[in-house]
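Take a look at the structure set out below.
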Amino acid sequence: MAVEVVMPKLGMAMKEGTVSTWNKKVGDSVSKGDMIASINSEKIEMEIEAPQDGVILDILVQEDVGVPPGTIICYVGNPNEQFTEQNSSANELQAPKNEVAATISLEEPPANVASSKKSKETVRISPIARKIAESENLDIEMIKGTGPKGRITKADVEKVLTEKASETSHPPVEIDKATKKETLPVAGMRKVIAGRMHNSLLNSAQLTINMKADVTDLLSLQREIKEVIQQRHKVKISLTDFIARAVVLSLQEHKQMNSAYIDNEIHLYHHVHLGMAVALENGLVVPVVQHAEKMPLVELAAEIKTRAADARQGQLSTDSMQGSTFTITNLGAYGVEYFTPVLNPPETGILGVGATEDVPMYIGDDLQRRNVLPLSLTFDHRVLDGAPAANFLGTIKQYLEQPILLLL
């Protein structure tokens with residue numbers, strides 16, 4: 001009997017899912033559990049598995065097309081089986097009785113086994129990398145992936161193309177570079193980010209102020225306690241963890257910053273749900289640490305690392321990326337100093353963290369070598385003015401410069 005495979009609902013807030021890649025075509029045989037398609041939805045990239053053995057009878061939703069959850073995207077059944085399409089409305093959220101929701105598998109590549117040959121359908125590869133490889137007639141089984149756990153990225157495919165071009169003795173055909181371009185669809189994670197960031201700038205009065213903190217003593221404290229904490233709690237304390245703790249304590253002192261502007265009302269929160277921006281290969285996600293105000297430094301550090309690992313492995317649910325009251329984004333690893341982070345709506349503030357820098361600084365009459373950390377705070381001027389925002393940033397600076405307070 002033909003089974004309808006539908007776009008799954010990945011969290012209460014999901015409104016649309018996009019088929020980024022079909023791994024099978026109409027008429028292809030499938031076994032239960034085979035990866036038949038990749039989907040993007042609300043900053044999450046996942047794969048859909050075949051619900052039963054059979055063949056792909058029909059594909060109703062093409063690549064790069066977004067549809068609501070519950071929409072039938074394909075049929076799986078017996079060869080030459082007759083069926084009646086029931087996907088007359090793309091807005092149906094409930095399926096008929098014989099509908100089987102697609103099984104979701106997180107996009108986590110299996111361990112590489114040199115002695116076993118991977119089939120093209122199970123090779124871990126990003127959608128754009130797959131399209132480029134297919135257009136250039138490259139065998140993706142022969143491409144070595146450098147992404148997370150062996151996933152083939154766009155850069156991997158381009159590297160193979162570059163090597164292939166250098167090996168041929170024939171001169172390349174001259175192409176007018178001015179007219180050569182590549183057009184990429186705005187879909188999935190990028191579509192969500194584009195919409196949210198554009199709406200954020202349109203619907204708020206954003207202003208960014210900068211301040212630097214002397215974190216010399218903080219880095220010294222980190223070196224002193226990191227081995228003990230790692231041995232006793234199995235947690236590696238980082239500078240980001242101290243910054244997060246400083247932000248949580250500062251938000252409790254400056255309630256107006258821990259708020260949201262919603263429907264011409266300012267909502268003040270007594271809890272701190274801390275968002276921690278995590279960069280991925282194809283975008284950005286913000287996992288949320290719930291009730292961070294109740295966590296001491298070590299517990300907060302462990303939770304941040306767990307959420308970040310889940311994000312990079314594609315194991316975050318949509319619900320785990322909602323409800324934040326304040327966000328931290330860190331570009332220090334890229335050598336960035338000050339920058340202008342964009343608010344994560346409807347939050348009032350977001351803290352941007354830059355790269356630490358060794359600078360000469362007078363401490364009293366002594367010229368010393370100190371470590372300075374750049375901080376950039378973007379806030380919604382509809383909620384508070386520059387002076388209270390500066391006071392909040394100053395409180396963060398105070399905690400970072402007196403790090404013993406972060407341990408209490």
Side-chain angles (χ1 to χ4, degrees), residues 9-16 41-44 66 68-69 91 93 186 189-211 244 246-278 283-294 316-329 338-353 375-397:
K9 188 173 181 64
L10 308 174
M12 297 301 295
M14 175 180 169
K15 296 181 181 179
E16 183 181 273
S41 175
E42 300 293 333
K43 301 186 180 182
I44 300 175
N91 294 319
L93 296 182
V186 180
M189 183 183 296
R190 178 48 51 193
K191 183 177 180 180
V192 173
I193 294 173
R196 286 181 62 85
M197 294 299 95
H198 185 244
N199 290 334
S200 174
L201 291 170
L202 284 178
N203 299 316
S204 60
Q206 301 190 25
L207 176 65
T208 302
I209 57 177
N210 301 312
M211 192 175 290
V247 167
V248 171
L249 293 174
S250 300
L251 287 171
Q252 292 179 286
E253 296 183 30
H254 299 266
K255 302 291 186 181
Q256 205 171 2
M257 187 61 70
N258 192 46
S259 64
Y261 190 97
I262 304 174
D263 296 332
N264 293 321
E265 293 180 338
I266 299 174
H267 296 240
L268 301 178
Y269 300 112
H270 298 292
H271 59 271
V272 178
H273 290 348
L274 189 63
M276 300 295 296
V278 177
L284 176 76
V285 294
V286 184
V288 180
V289 178
Q290 305 283 336
H291 291 289
E293 80 280 1
K294 297 180 180 180
L316 285 176
S317 66
T318 303
D319 295 337
S320 66
M321 294 185 287
Q322 295 179 342
S324 56
T325 61
F326 190 91
T327 295
I328 298 175
T329 178
Y338 297 102
F339 59 103
T340 306
V342 178
L343 288 177
N344 184 19
E347 298 170 13
T348 294
I350 179 172
L351 180 69
V353 180
L375 302 172
S376 304
L377 174 69
T378 296
F379 64 95
D380 192 341
H381 215 318
R382 298 176 301 171
V383 178
L384 74 167
D385 300 322
N391 287 334
F392 168 73
L393 191 55
T395 301
I396 296 177
K397 169 184 168 74

Should Leu284 and Ile193 be marked as a side-chain contact (heavy atoms from CB on, under 4.5 Å) after you check the CA-CA gap, both sets of side-chain angles, and the distance that decides it? CA-CA 8 Å; Leu284 176 76; Ile193 294 173; 4.1 Å; yes

Give a yes or no on whether the backbone of Ala246 and the side-chain of Ser250 come within a donor-acceptor separation of less than 3.5 Å. yes

Heavy-atom distance under 4.5 Å between the side chains of Gln256 and Thr348, does that happen here? no

Would you check if there is a donor-acceptor pair between the side chains of Ser204 and Asp380 at a distance under 3.5 Å? no

Give the minimum heavy-atom separation between Ser259 and Leu268, together with the two atoms involved. CB-CD2, 3.6 Å

One should read off an interatomic distance between Ile396 CD1 and Leu251 CG, to the nearest 0.5 angstrom, of 7.0 Å

ring-ring contact (aromatic ring centres under 6.0 Å, His included) filter on Phe392, not counting sequence neighbours, yields His254, Phe326

Output all residues satisfying ring-ring contact (aromatic ring centres under 6.0 Å, His included) with His381, sequence neighbours left out; order by chain, then residue number. Phe379

Considering all heavy atoms of both residues, which atom of Gly352 and which atom of Pro341 are nearest to each other, and what is their separation? N-CG, 3.9 Å

If you measure from CG on Leu274 to OG on Ser324, what distance do you get to the nearest 0.5 Å? 8.5 Å

So which heavy atom on Ala389 is nearest to which on Leu384, and how close? N-CD1, 3.8 Å

With a 4.5 Å limit on heavy-atom distance, are the side chains of Leu377 and Thr208 in contact? no

At their closest point, which heavy atom of Gln252 faces which heavy atom of Lys255, and how far apart are they? O-CE, 3.3 Å

Would you please test Gln206 and Val342 for side-chain contact (heavy atoms from CB on, under 4.5 Å) and show each step? CA-CA 8 Å; Gln206 301 190 25; Val342 178; 3.9 Å; yes

For the pair Val353 and Thr329, evaluate side-chain contact (heavy atoms from CB on, under 4.5 Å) and give the outcome as yes or no after the intermediate values. CA-CA 6 Å; Val353 180; Thr329 178; over 6 Å; no

Stepwise, does the side-chain contact (heavy atoms from CB on, under 4.5 Å) test hold for Thr378 with Thr340? CA-CA 7 Å; Thr378 296; Thr340 306; 4.2 Å; yes

Tell me if a side-chain donor or acceptor on Glu16 pairs with a main-chain N or O of Pro69 at a distance below 3.5 Å. no

Mind listing the closest non-hydrogen atom pair of Thr327 and Glu347 along with its distance? OG1-OE1, 2.8 Å

Taking all non-hydrogen atoms of both residues into account, name the closest pair between Gln322 and Gln290 and its distance. O-NE2, 3.7 Å

Distance (rounded to the nearest 0.5 Å) between Asn264 CG and Arg382 CZ: 8.0 Å

Could you measure the distance from the CG atom of Leu316 to the CE atom of Met321? Nearest 0.5 Å is fine. 5.5 Å

Rounded distance (nearest 0.5 Å) linking atom CG of Leu201 with atom CZ of Arg196: 12.5 Å

Report the distance from atom CG of Asn344 to atom OG1 of Thr325, rounding to the nearest 0.5 Å. 10.5 Å

Determine whether Ser200 and Pro345 make a side-chain contact, defined as any pair of heavy atoms from C-beta on separated by less than 4.5 Å. yes

With heavy-atom distances below 4.5 Å as the criterion, would you say the side chains of Leu351 and Leu393 are in contact? yes

